[in-house]
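Just so you know, these numbers use all the heavy atoms, side chains as well, and skip hydrogens, waters and symmetry mates.
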Amino acid sequence: MKNIKDAELKFPRDWEYRIIIAEAARPISEEGIAEVLMGRKVIVSAGETSRTGAYGTIVVKLRVDSREDMEELATKLTKVTGVKFLL
């Protein structure tokens, strides 16, 4: 199986991030995510919530210009308060 780093991706391309957040931090997380994505055309939607209600998912769809752009966004999103995991 090929590693995603080894996969050949064509840019620019549409990309989707599934951002897992702590529900208790949702307002702060949403503000931080919006700040990271400011100036980009994005589609944001709510995803699933965990059975216990402790975690939720925010789905972000956008266009990335390069692998570096994609990785830089991922790094910034994982540093937002309340973000637990990025898919």
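Across all their heavy atoms, Gly82 and Ser29 have their closest contact at CA-OG, 3.4 Å.
The side chain to side chain contact (heavy atoms under 4.5 Å, CB included) test with Trp15 singles out one residue from Val60, Leu9, Asp69, and that residue is Leu9. Checking each of Ile21, Leu77, Ile28 against Val83 for a side chain to side chain contact (heavy atoms under 4.5 Å, CB included) leaves exactly one that passes, namely Ile21.
Note: Glu35 CD to Lys76 NZ = 10.0 Å, rounded to the nearest 0.5 Å. Taking CD of Glu30 as the reference point, atom CD1 of Ile19 lies at 10.0 Å (rounded to 0.5 Å). Within the model, atoms CD1 of Ile20 and NZ of Lys84 stand 12.0 Å from one another, a figure rounded to the nearest 0.5 Å. Considering OG of Ser45 and NZ of Lys61, their distance stands at 6.0 Å, rounded to 0.5 Å.
When atom types are taken as modelled, the side chain of Arg18 and the backbone of Leu86 share no donor-acceptor pair closer than 3.5 angstrom. The closest donor-acceptor contact from the side chain of Ser50 to the backbone of Tyr55 lies under 3.5 Å. Remark: side-chain polar atoms of Thr49 are not paired, donor with acceptor, to backbone N or O of Gly53 under 3.5 angstrom.
Salt-bridge annotation for Asp65 and Arg40: absent, with no side-chain N of the basic residue lying under 4.0 Å from a carboxylate O of the acidic one.
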Point to revise | Derivation and outcome, side-chain contact (heavy atoms from CB on, under 4.5 Å), residues Leu62 and Ile43 | key: CA-CA 7 Å; Leu62 71 159; Ile43 298 171; over 6 Å; no
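Both Val42 and Ile33 sit in one connected hydrophobic cluster of ILVMFWY residues. Membership requires side-chain heavy atoms under 4.5 Å apart, directly or through other members. No continuous path of hydrophobic side-chain contacts links Val59 to Leu73 [ILVMFWY only; heavy atoms under 4.5 Å]. Criterion: ILVMFWY side-chain heavy atoms under 4.5 Å apart, direct or through other members. Under it, Leu87 and Met70 are not part of a common hydrophobic cluster. When the side chains of ILVMFWY residues are joined at heavy-atom separations under 4.5 Å, either directly or via intervening members, Val80 and Val44 end up in a single hydrophobic cluster.
Counting non-hydrogen atoms of other residues, nucleotides and ligands closer than 6.0 Å to CD of Glu23 gives a total above 12. Heavy atoms of other residues, nucleotides or ligands lying less than 6.0 angstrom from CD of Glu16 number more than 12.
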